[in-house]
Amino acid sequence: MRIFSGIQPTGSKHLGNYIGAIMQYVSGQERGQALYCIVDLHAITVAYDPAQLRSSLYDLTALLLAAGLDPRRCILFRQSDVVEHTELTWLLCSVTELGRLQRMHQFRDKSTAQRELVSAGLLVYPVLQAADVLAYRAHEVPVGEDQREHLELMRDVARRFNQRFGGGSDVLVVPEHRIPEVGARIMDLQDPTRKMSTTGSSQEGTVYVLDEPKQIEKKIRRAVTDSGTEIARSPEKPGVSNLIEILAVARGASPEQVEREMAGARGYGDLKAATAEAVVELLAPVREGYLERRADEAALEAILCEGAQRAREIAAATLADVRERMGVGAPRRDRSLP
Ligand code: AQP
């Protein structure tokens with residue numbers, strides 16, 4: 001089985017990214033051939049600073065390694081190093097419906113947030129995301145709940161390509177998403193009706209992976225909870241439900257176990273204290289590992305370059321098949337297709 005996921009080098013990664021995506025990346029290394037891509041080309045679809053982009057890319061590389069990605073057990077690379085992603089994006093545009101791109105939630109949210117320019121890149125972003133995955137004929141894509149709509153689009157693009165150009169065979173693999181059962185949507189601690197996010201949530205409501213333990217404790221102790229005292233998940237208690245899920249994932253337990261354990265607690269204060277302690281325990285080693293690795297940019301670059309070489313071998317083979325099927329470029333002498 002082949003696993004693929006992409007992650008943006010923008011801003012600091014938060015607890016939602018860590019639980020919804022990064023923890024799944026680490027466990028994915030045990031389940032199959034895993035490829036993880038730092039998607040710098042996605043990051044340029046909104047206003048950005050070029051020097052900051054480079055620096056954030058190394059930040060994220062060091063963070064992912066510290067979280068447990070092992071270049072001997074996965075392929076970790078930078079999107080822009082594998083030019084096949086952009087070529088495949090253009091080719092897939094021919095089987096992508098414009099109206100669908102215009103209706104995507106993320107496009108609508110992010111385009112209204114842009115003050116100066118709503119770039120064409122922001123609209124085409126989901127096609128690049130489809131190309132990222134389809135170039136590797138990946139079977140599984142670990143992501144958080146917010147990516148469901150993008151995953152559906154890429155599945156449709158793959159199906160449509162196979163119908164239009166496949167000639168009876170599946171040139172592209174229709175991928176499955178892998179959304180965690182618990183922690184697929186970690187909420188903002190200050191406004192638990194909104195997801196914790198890089199651009200849309202408050203600093204106080206967002207726990208960053210690289211926050212110091214004291215900051216983490218402070219943010220969790222100040223989390224907005226709900227009326228009542230019962231520690232149980234329910235739609236009327238989004239703040240408490242969020243803390244229960246976070247505590248469950250951080251401890252490697254189920255939310256039901258946490259609810260049982262917390263049944264004798266004195267109130268939400270105990271839940272917050274337990275959650276803060278568990279999150280500090282989860283993230284402190286990542287922070288330490290990050291600080292050890294971040295200064296050596298040459299070592300980080302070497303890992304990314306080697307990853308890109310390995311990734312490119314796979315993507316180039318897919319592109320050769322796609323070009324051949326679409327009648328683009330010189331005909332191949334060897335016409336054997338999957
Ligand atoms: N709150 C969340 N809970 C669970 N999973 C989440 N993810 C994001 N927020 C949550 C998952 O993190 C992965 C990496 O996301 P990304 O950094 O590539 O970009 P993103 O999805 O745009 O992340 P943000 O933080 O939500 O940024 P903005 O504010 O720009 O939208 C993805 O798998 C995502 O599902």
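Start at 1 and go down the list; that is how both ligands and their atoms are numbered. For the numbers below, each heavy atom of this structure counts, side chains included, while hydrogens, waters and symmetry mates do not. Just so it is clear, the structure is predicted and the values come from calculations on it, not from any experiment.
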Item to check | Atom indices of ligand 1, in the order listed, that fall short of 4.0 Å to a heavy atom of Gly144 | outcome: 5 (N), 33 (O), 34 (C), 35 (O)
Item to check | Sub-4.0 Å protein heavy atom next to atom 20 (P) of ligand 1 | outcome: no
Checklist entry - For atom 22 (O) of ligand 1, which candidate among Glu145, Arg194, Gln147, Lys110 provides the closest heavy atom? => result Lys110
Checklist entry - Should the proximity of Met187 to ligand 1, defined as any heavy atom under 4.0 Å, be assigned to the side chain, the backbone, both, or neither? => result neither
Checklist outcome for this item: atom 4 (C) of ligand 1 has as its nearest protein heavy atom Ala184 O, 3.1 Å
Next on the checklist: Classify the ring geometry of Tyr125 against His150: parallel below 30°, tilted from 30° to 60°, perpendicular beyond 60°.
Outcome noted: tilted
Item to check | Sequence-distant partners of Tyr58, ring pair (Phe, Tyr, Trp, His ring centres under 6.0 Å), two or more places apart | outcome: none
Checklist outcome for this item: Given the options Ile220, Thr275, Thr225, Leu189 meets side chain to side chain contact (heavy atoms under 4.5 Å, CB included) only with Ile220
Item to check | Protein heavy-atom partner closest to atom 35 (O) of ligand 1 - residue, atom, separation in Å | outcome: Asp146 OD1, 2.4 Å
Checklist entry - Can you check whether Phe161 reaches Leu134 side chain to side chain, under 4.5 Å on heavy atoms? => result no
Checklist entry - Got the closest protein heavy atom to atom 3 (N) of ligand 1, with its distance? => result Ile186 N, 2.9 Å
Item to check | Proximity flag Ile19 to ligand 1, non-hydrogen atoms under 4.0 Å | outcome: no
Next on the checklist: Can you tell me if Glu277 has over 12 outside heavy atoms packed within less than 6.0 Å of its CD?
Outcome noted: no
Checklist entry - Which is it for Ser197 and ligand 1 at heavy atoms under 4.0 Å: side chain, backbone, both or neither? => result both
Next on the checklist: According to a hydrophobic-cluster definition based on side-chain heavy atoms being under 4.5 Å apart (Ile, Leu, Val, Met, Phe, Trp, Tyr only), do Val141 and Leu41 belong together?
Outcome noted: no
Checklist entry - Who's closest to atom 6 (C) of ligand 1 heavy-atom-wise, of Gly16, Ser12, Ser5, Cys37? => result Gly16
Checklist outcome for this item: Sequence neighbours excluded, the answer for side chain to side chain donor-acceptor pair (under 3.5 Å) partners of Asp132 is His42, Gln79, His85
Checklist entry - Based purely on interatomic distance, does Thr198 place a nitrogen or oxygen under 3.5 Å from a nitrogen or oxygen of ligand 1? => result yes
Item to check | Which residue and heavy atom of the protein sit nearest atom 29 (O) of ligand 1, plus the separation | outcome: Thr199 OG1, 2.5 Å
Checklist entry - Are there more than 12 heavy atoms of other residues, nucleotides or ligands under 6.0 Å from atom CZ of Arg31? => result yes
Checklist entry - Looking only at heavy atoms, is any part of His14 under 4.0 Å from ligand 1, and if so is it the side chain, the backbone, or both, or is it neither? => result side chain
Checklist outcome for this item: Nearest heavy-atom contact between Ala248 and Val258 is CA-CG2, 3.7 Å
Checklist entry - In the protein, which heavy atom is nearest to atom 26 (O) of ligand 1, and how far is it? => result Lys195 NZ, 2.4 Å
Checklist entry - Out of Asn17, Val46, Ile38, who gets a non-hydrogen atom closest to atom 12 (O) of ligand 1? => result Asn17
Checklist entry - Under the side chain to side chain contact (heavy atoms under 4.5 Å, CB included) criterion, do Arg222 and Gln190 qualify, and how do the steps go? => result CA-CA 8 Å; Arg222 290 188 179 171; Gln190 287 300 313; 4.2 Å; yes
Item to check | Audit row: Ser169, Arg325, side chain to side chain contact (heavy atoms under 4.5 Å, CB included) steps and yes/no | outcome: CA-CA 11 Å; Ser169 61; Arg325 287 291 182 177; 3.3 Å; yes
Next on the checklist: Would you say CZ of Arg108 has more than 12 non-hydrogen atoms from neighbouring residues, nucleotides or ligands within 6.0 angstrom?
Outcome noted: yes
Checklist outcome for this item: shortest atom 18 (O) of ligand 1-to-protein heavy-atom contact is with Gln8 N, 3.0 Å
Checklist entry - Side chain, backbone, both or neither: which part of Arg185 comes within less than 4.0 Å of ligand 1 when only heavy atoms are counted? => result backbone
Checklist entry - Are any of the N/O atoms in Ile7 less than 3.5 Å from those in ligand 1? => result no
Item to check | Atoms in ligand 1 flagged as close to Gly183, the criterion being non-hydrogen separation under 4.0 Å | outcome: 4 (C)
Next on the checklist: Among all the protein's non-hydrogen atoms, which is closest to atom 13 (C) of ligand 1, and how far away is it?
Outcome noted: Ala21 CB, 3.5 Å
Item to check | Atoms in ligand 1 flagged as close to Lys13, the criterion being non-hydrogen separation under 4.0 Å | outcome: 16 (P), 17 (O)
Checklist entry - Stepwise, does the side chain to side chain contact (heavy atoms under 4.5 Å, CB included) test hold for Arg251 with Glu261? => result CA-CA 12 Å; Arg251 279 194 182 163; Glu261 230 177 87; 2.4 Å; yes
